[in-house]
Protein chains: 2
Amino acid sequence: METKFRCNCPFTSALDILGDKWMLVIVKQMLMENKQTFKDFTESDEGIATNILTTKLKQLEAFGIITKTKLPNNNKSNIYLLTEKGLAMTPIIVELGIWSDNHLRDFNPTIVNEGGIELLRRDKAEFTRVIEQQYREKLATTMNIING
Amino acid sequence: METKFRCNCPFTSALDILGDKWMLVIVKQMLMENKQTFKDFTESDEGIATNILTTKLKQLEAFGIITKTKLPNNNKSNIYLLTEKGLAMTPIIVELGIWSDNHLRDFNPTIVNEGGIELLRRDKAEFTRVIEQQYREKLATTMNIING
DNA sequence: AATTTTACTTGCATAATACAAGTAATAAAA
DNA sequence: TTTTATTACTTGTATTATGCAAGTAAAATT
C-alpha cells in the first residue's frame with residue numbers, strides 16, 4: 001500500500017493519512033466508545049458503509065495505528081486494538097472536540113453536552129489522561145483474554 | 001450551503017467539516033506560512049487545484065473560519081484572513097504536527113527537521129503561543145493597511 | 001444438518017478531487 | 001488610450017473516495 005505525501009511538511013503529512021472522512025472517526029470510536037469488532041463499528045451512530053470500513057481498517061493496520069487479532073476459541077470475529085501509535089492520536093481527537101464544543105454548536109445544535117464534556121472544558125489534560133487510562137484498562141483486559 | 005452532520009458527537013462533528021483533504025491544510029498555510037491570497041495558495045508546496053481552492057475558500061468563509069476582503073486601491077486580489085474561530089484551530093494543527101514528527105517519519109522520510117520542530121518537541125504550549133502571536137502581528141499589520 | 005451470524009466482496013451510483021484549458025475583470029506597461 | 005500581463009476564478013472531463021444494497025463464504029449456533 002503506497003501513500004503519496006504532498007510535501008515534506010509534518011502537519012500536511014499527518015493529513016495525508018488522517019485527512020479523510022473516516023480515519024480519525026474510527027480511532028475515536030475505538031478510543032472513546034470501545035468499539036473493537038467489525039460489527040461494533042457498523043453499529044456506530046455514524047453509519048459507515050461496510051466496504052469503506054473494510055478499506056479503512058486495512059489502512060489503519062498498514063500504518064501501524066491498530067492491530068487485528070482474534071479471541072481464543074473464536075475464529076470468526078476480528079478484534080481491532082489501538083497501538084501506541086494509535087493512542088498517540090488522543091490529543092488530536094481531544095482538540096477536535098474542544099474546537100467543536102466552542103465553535104460548532106451554531107452549525108450543529110444537536111452536539112451533546114454530556115459524555116465528559118464538563119471535564120473536557122475544565123481540564124483538557126485530565127480528560128486526555130482519563131480517556132487513555134480507560135482505554136488501557138480495557139486493552140489490558142482484552143489482552144488477558146487473548147493470551148489466556 | 002448545507003452541512004450534514006453524521007451525529008451529535010462533538011469529535012465527529014468537527015471532522016464533518018474538517019475531515020477532508022484540504023480544509024486544515026489551507027488553515028495551516030494561512031497560520032504558519034502566511035498565505036493570504038488565492039495566488040499565494042496556488043503556489044504552496046501542496047499544489048492544490050484552483051477549482052478545489054475556490055470551493056474550499058468559500059466553505060471556510062461560510063463556516064466563519066476565514067474572512068475575505070481587499071486592500072484599499074486594489075480591487076483585484078482578495079485577502080483571506082483567519083478569524084478567531086480559525087485561529088482556535090491552532091492546537092489541532094499543532095497536535096497533528098507532533099503526531100507526525102513522532103510517528104510518520106517511517107512512512108515519509110522527507111519530513112523536515114526544521115521550521116520550529118525543536119520548539120514543537122520541547123514546548124508545545126510555547127510553540128502554539130508563538131505561532132498564534134506571529135499570526136496576530138501580521139494580521140494587525142494587514143488590518144492597518146486595509147483600514148488606512 | 002440446518003440456520004444464523006459475522007466479515008467481508010461486488011456492481012453500480014454519487015460525491016470529492018484533479019487536470020488543463022479558457023474567461024473576465026483589473027492592473028500595469030507601452 | 002491601447003495593449004499586455006496578472007489574478008481569480010469557471011468549465012469540461014477524468015480519476016479517486018465514498019456510499020448503497022445485495023450477495024458470498026466461513027464460522028458459530030441451534
Side-chain angles (χ1 to χ4, degrees), chain A residues 1-7 12 15-26 29-30 35-63 66-81 145-146, chain B residues 1-7 12 15-27 29-30 35-63 66-81 142 145-146:
Chain A
M1 182 269 321
E2 184 86 354
T3 298
K4 194 184 193 98
F5 290 94
R6 279 169 281 190
C7 57
T12 301
L15 291 165
D16 284 328
I17 291 183
L18 305 176
D20 72 12
K21 197 168 169 177
W22 291 105
M23 294 289 266
L24 283 169
V25 170
I26 292 169
Q29 287 172 345
M30 294 176 74
K35 309 294 184 182
Q36 291 191 326
T37 67
F38 194 96
K39 180 72 181 305
D40 286 344
F41 294 113
T42 62
E43 289 175 343
S44 291
D45 288 341
E46 284 88 350
I48 188 170
T50 52
N51 54 324
I52 302 306
L53 180 54
T54 300
T55 299
K56 296 300 167 183
L57 289 172
K58 285 187 201 299
Q59 287 170 356
L60 285 164
E61 191 180 3
F63 284 118
I66 66 175
T67 60
K68 177 177 177 182
T69 186
K70 288 184 192 292
L71 294 176
N73 301 328
N74 184 341
N75 276 334
K76 193 197 262 186
S77 296
N78 292 313
I79 302 292
Y80 295 96
L81 301 171
I145 297 173
I146 288 172
Chain B
M1 184 267 322
E2 184 86 355
T3 297
K4 194 183 192 96
F5 290 93
R6 278 170 282 190
C7 58
T12 300
L15 291 164
D16 284 328
I17 292 184
L18 304 176
D20 70 13
K21 198 167 169 176
W22 291 105
M23 296 288 267
L24 282 168
V25 170
I26 293 170
V27 173
Q29 288 172 345
M30 295 176 74
K35 308 294 185 181
Q36 292 191 326
T37 67
F38 194 95
K39 180 76 181 304
D40 286 343
F41 295 114
T42 63
E43 289 175 342
S44 291
D45 288 340
E46 284 89 350
I48 188 171
T50 51
N51 56 323
I52 302 306
L53 179 55
T54 300
T55 299
K56 295 302 168 183
L57 289 173
K58 283 186 200 298
Q59 288 170 358
L60 286 164
E61 192 181 2
F63 284 118
I66 66 174
T67 60
K68 175 179 178 182
T69 187
K70 287 182 192 295
L71 296 176
N73 300 327
N74 185 341
N75 276 334
K76 193 196 264 184
S77 297
N78 292 316
I79 302 292
Y80 295 96
L81 301 171
T142 303
I145 296 173
I146 288 171

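Each chain gets a letter, A, B and so on, in the order the sequences are listed, and its residues count up from 1.
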Rounding to an integer number of Å, can you tell me how far [X] [atom1] sits from [N] [atom2]?
| X | N | atom1 | atom2 | answer |
| --- | --- | --- | --- | --- |
| A/Ile52 | C/dT9 | CD1 | P | 12 Å |
| A/Ile79 | C/dC8 | CD1 | C1' | 16 Å |
| B/Lys21 | D/dA17 | NZ | P | 8 Å |
| B/Leu71 | D/dT7 | CG | C1' | 13 Å |
| A/Lys58 | C/dC8 | NZ | P | 6 Å |
| B/Leu53 | D/dT7 | CG | C1' | 12 Å |
| A/Lys4 | D/dA17 | NZ | P | 12 Å |
| A/Ile48 | C/dC8 | CD1 | C1' | 13 Å |

Name the closest nucleotide to the [X] side chain, picking from [options].
| X | options | value |
| --- | --- | --- |
| A/Ala49 | C/dT6, C/dC19, D/dC20 | D/dC20 |
| B/Asn51 | C/dT26, D/dC9, D/dG12 | D/dG12 |
| B/Lys76 | D/dT7, D/dG12, D/dA21 | D/dT7 |

Ignoring hydrogens and angles, does a donor from either the side chain of B/Thr50 or the base of D/dT10 sit under 3.5 Å from an acceptor on the other? yes

Quiz question: going by heavy-atom distance under 3.5 Å, is there a donor-acceptor pair between the base of C/dT17 and the side chain of B/Thr55? no

Below 4.0 Å: OP1/OP2 of [N] and any side-chain N or O of [X]:
| X | N | value |
| --- | --- | --- |
| B/Trp22 | C/dA18 | yes |
| A/Lys68 | C/dA7 | no |
| B/Ser77 | D/dA8 | yes |
| B/Asn78 | D/dC9 | yes |

Would you mind classifying the nucleic acid contact of B/Thr42 as base, sugar-phosphate or nothing, using non-hydrogen atoms under 4.0 angstrom? nothing

Which part of the nucleic acid, if any, lies within reach of B/Lys56 when heavy atoms closer than 4.0 Å are counted: base, sugar-phosphate only, or nothing? sugar-phosphate

Taking the side chain from A/Asp16 and the backbone from A/Arg6, do they hold a donor-acceptor pair closer than 3.5 Å? yes

Going from CE on A/Met30 to CD1 on A/Ile66, what distance comes out if it is rounded to the nearest 0.5 angstrom? 5.0 Å

Output the distance between atom CG (A/Asp40) and atom CD1 (A/Ile79), rounded to the nearest 0.5 Å. 8.0 Å

Please compare B/Lys39 and A/Asn73 by the position of their nearest nucleotide in DNA chain D and report the one closer to 5'. B/Lys39

Return whichever of B/Tyr80 or B/Arg6 has its heavy-atom-nearest nucleotide of DNA chain D closer to the 5' end. B/Tyr80

A/Leu60 pairs by side-chain contact (heavy atoms from CB on, under 4.5 Å) with which of A/Ile26, A/Ile17, A/Thr67? A/Ile26

